[in-house]
Structure formats: C-alpha cells, structure tokens
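Every heavy atom of this structure was used, including side-chain atoms; hydrogens, water molecules and symmetry mates were not. Each ligand, and each atom within it, is numbered from 1 in the order the structure gives. Everything quoted here is computed from the prediction, not taken from an experiment.
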Amino acid sequence: MTLPSKPPPNSTSAVHTGAPLKRPSHTLSASIAQTATYTFENTADLEQYMRGEDPDPEREEYGRYGNPTVRELEQRVTGLEGAEDGVAFSSGMAAITTAVLSLVKAGEHVVLFNDCYRRTRQLVRVVLSRFGIEHDVVPAGDLVALEAALRPNTRLVLGESPTNPFLYCVDFAKLSAIVKKHGRVRTLVDSTMATPVNCRPLEFGVDLVVHSATKYLSGHNDVLGGVATGAAHLVSLLRDSRGVLGTVLDPHAAFLILRGLKTLGLRVERQNATALAVARALEAHPSVERVYYPLLESHPSHGVARAQMSGGGGVVSFVVKGGRDAASRMVDACTIAKIAPSFGGPESLIEQPAIMSYFELGPEDLERLGISPALVRLAVGVEETDDLMADLLNALRKA
Ligand SMILES: *Cc1c(COP(=O)(O)O)cnc(C)c1O
C-alpha cells in the first residue's frame, strides 16, 4: 500500500505516498468519512473485531479512536518522514501535549531546548511542573549543555530544529548518539519549521517527530492540525493517549491537510528559494543590523543546517537598524506580507516578536531572551520572489 519513502520526499511522494490503491466508488481524491461511529454486522462480527481478528486491519470502532480520512493523512505523513507509523491530532499543540504526556510521568525529568515554540515551553515549565515532572532548559542546539543536563531520571529530550525566531538547528546524529548512551531517554523533535522536504529527523536516530500541520503541511493558512510519526510502538502509545485525551483531528480538517500536502514539494521549494534570496539581500542591506537564516554563512547553525537540511525553509528573522519604532515602520510599510502570527501558507506573513509573541515581556526579559525590540520575523509565502523582494526593500526605506 505504501510507496517507498526513499529517495527523499518530493512532489511525487507528497501526492502519492501512503495513498490507498482502491477507494470507494473509484474516486481519485480522498473521501471525507464524516462519521462519529462505525457499525458491526452482528454480535459475532463485533466479537471478532474485539478479539483483534477482523480481516480488515483498517477497520475502526469509534471516531475518537480512528477515521479513514484521518488515517490516510497519517499514512501520507508517515511515508514522507520515512517513519513506521503516524498519528494525527487536532492541532500542533495537541500533538505535542499528547506525545509528552504519553512519554513521561511524575518523578521523571525532561530536557528542553530553549527558543522552542512558546506554548511547548509553557507546557513543560508550567503544566508538567504541576504534575511533578522536572525539567531543565538548555540553549538551542547546545549538545554539551544537553549532555550535562541529563540525569538518571531523564526520560525525554524535547527539541525543535530550526527554532523560531532564531532558526538554530540541532545536530540530530550527535543528539541521538548522546541520548542513546543514557539508556531510557527518548528524543521528540518538533520539525514544523523544517518540513519533511527539508529534513527528516528520524533518519538521524530521533525517536519521534511532531508537526504543526497548521503550517507547511496543510500550507494554506486555513486549518489547524498536528501529526506525530516514529516507531510503531511509540506511535501506538500516542494513539492510545489520543483516545483518552480526545485530541482527535476532524475528518474535514484531515481532508484539507491531505489536499494541501499534494503541493508541499512545490511550495517548500519556492519558499526555500525566496527566503534564501531575501536573507542574502537583507544581509547586504545598510538598514539591517543582523539576519538569522540557517543557510547564511553568518548563522551559528550554518554547518549543521548544510549537513542535515536540503533547504533553509521559509522563515527569515532580522534586526532593523534604529530600534523598535524603525522596525514597526518597516513592518507597517509592507504591502504584500500581512501582519499575522503563523507561517507556512501561500501568503507571506510578517511580525515583530516584541509586539506579538513576546508582548507581555518587559525590556529586561526581552534582553535576557536575546529578543531585540527591532527583531522582525518574515515568513515568506509563494508570491513571486521579485515582487516580495521589491516590497521589502521599499518598506526598509521607510524604516
Ligand atoms: C505553530 C507551532 C506549533 C503549534 O501548532 P498549532 O497547530 O498552532 O497548535 C508548535 N510548534 C511550532 C514550531 C509551531 O510553529
């Protein structure tokens, strides 16, 4: 049923991987199985299912445990990541929360890379703490600090690569080697920024990969979703937890994500190219103090990014000269990029983290986190590179 996931995902696998060969009524596209529950022919049929002996391994019992449209999405992403299995969730945070709650318990310890998604940090710092799960935070990608933070009760290393907004990358092969020395520690990587087109962390020994499918996988800024992939026995733990926590994806949303996925290769290729061109232009621009993009030679993660990623992704962060107000003037002067959180869709989006994601922090806290008030995050869409570039350069004149 599943096409080979190697060579690396491209537009062929993004359209075809995991697609069932036969569909009801021979439709080309996935059907939306809009049902909350499933029926059994008779009690013998039910008993056979309950004993795990149903001839159809894909058969479902109830909507919180599974759905054929959602299953098709899970299989597609499984193929793209080169995983054994996958499970979809109602959002990226639903995927991360369900995964983390499946993997750790009271008295255990989690190591978290900083510069991770803000709500992931909040999950570990605030929510897990309430349930007696300890944690340490280490600088993004700093494997020396990571190894020093591992304790006998550490069970999970939680990371992201590239991170947001600074796009630090974690060397997955080295991370996996360190973690494997410590026995029962598992690695969970949020690969939302990279997409399976640019990087497949499982190939480097990472245990589980999660995505906010809200971003590049769905790719149209119109649906929320999440997916986790990895070894079948771990995915099965997450699937069981999903049935308890109820973090289940709606079949309509699954259909939209499947539809968006078909153009993942095309979109990410364009976004990689545009973002790299924009990053280089900004780096050479007199009104820009500093640019963060993993494929720029000036980025601290440049070597790691070159070695394990085939593209730098669609997000570029930069500091505008002249401080917070100058950056705001630049952001306001953009006509193509809209002011909004999120990234990964066809529309370019721009934001000033000091005013959006980090609004509640005062100047000292911002400084401690290394967030300049003049930092701008641009997430490029699929517009023409030249149009976007001209618009940005024009906006910089207003800074
Ligand atoms: C957006 C995002 C999330 C959260 O995903 P939702 O779908 O909004 O719940 C998690 N991690 C990263 C890196 C993200 O960008």
Side-chain angles (χ1 to χ4, degrees), residues 70 73-74 77 81 86-101 112-125 127 140-141 157-170 172 187-199 201 206 208-229 238 242 245-250 252-254 256-257 260-261 264 267-268 271 275 292 294 301 309 312-317 340-345 347-351 353 356-358 377-381:
V70 174
L73 168 65
E74 292 169 347
V77 180
E81 287 290 0
V87 54
F89 298 91
S90 50
S91 69
M93 278 318 297
I96 294 165
T97 304
T98 307
V100 168
L101 293 180
L112 175 72
F113 285 111
N114 72 4
D115 205 35
C116 265
Y117 189 65
R118 191 162 66 112
R119 300 300 180 190
T120 302
R121 286 185 277 125
Q122 196 175 350
L123 169 70
V124 172
R125 286 198 345 242
V127 182
V157 173
L158 188 49
E160 217 165 280
S161 181
T163 61
N164 177 15
F166 293 120
L167 303 149
Y168 295 122
C169 299
V170 180
F172 293 134
T187 45
L188 171 63
V189 166
D190 181 336
S191 193
T192 301
M193 273 274 188
T195 81
V197 174
N198 285 336
C199 186
V206 164
L208 277 170
V209 167
V210 291
H211 285 279
S212 167
T214 313
K215 315 293 167 54
Y216 292 103
L217 298 191
S218 64
H220 289 75
N221 286 329
D222 56 8
V223 64
L224 289 151
V227 185
T229 62
L238 270 57
R242 183 184 69 173
L245 298 171
T247 45
V248 65
L249 184 67
D250 180 84
H252 268 105
L256 285 173
I257 299 167
L261 265 175
L264 179 73
R267 288 184 282 105
V268 172
Q271 285 162 315
Y292 300 88
S301 296
M309 295 178 72
V315 173
V316 184
S317 297
S342 203
F343 56 87
E347 299 90 358
S348 290
L349 301 179
I350 195 162
E351 68 140 332
M356 192 171 277
S357 328
Y358 294 90
R377 187 188 80 178
L378 171 71
V380 306

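Within the structure, ligand 1 has Ile96 among the residues with a heavy atom less than 4.0 angstrom away. Within the structure, the closest approach of Ser342 to ligand 1 does not fall below 4.0 Å when heavy atoms are considered.
For ligand 1, the atoms closer than 4.0 angstrom to any heavy atom of Phe343 are 15 (O). Annotation for ligand 1: atoms under 4.0 Å from non-hydrogen atoms of Gly225 are 7 (O).
Ranking protein heavy atoms by distance to atom 5 (O) of ligand 1, first place goes to Ser212 OG, 3.0 Å. Among all protein heavy atoms, the one lying closest to atom 1 (C) of ligand 1 is Lys215 NZ, 1.4 Å. Looking from atom 6 (P) of ligand 1 to the surrounding protein, the closest heavy atom is Gly92 N, 3.3 Å. Among all protein heavy atoms, the one lying closest to atom 9 (O) of ligand 1 is Met93 N, 2.8 Å.
The N/O atoms of Ala94, backbone and side chain alike, include none that comes under 3.5 Å of an N/O atom in ligand 1. Residue contacts with ligand 1: Tyr117 is placed with no nitrogen or oxygen under 3.5 Å of a nitrogen or oxygen of the ligand (distance criterion only). The N/O atoms of Glu160, backbone and side chain alike, include none that comes under 3.5 Å of an N/O atom in ligand 1.
One option in Leu224, Asp190, Val315, Thr214 has a heavy atom closer to atom 7 (O) of ligand 1 than any other, and that option is Thr214.
For the pair Asn221/Ser342, a side-chain contact is recorded, criterion being any heavy-atom separation below 4.5 Å from C-beta on.
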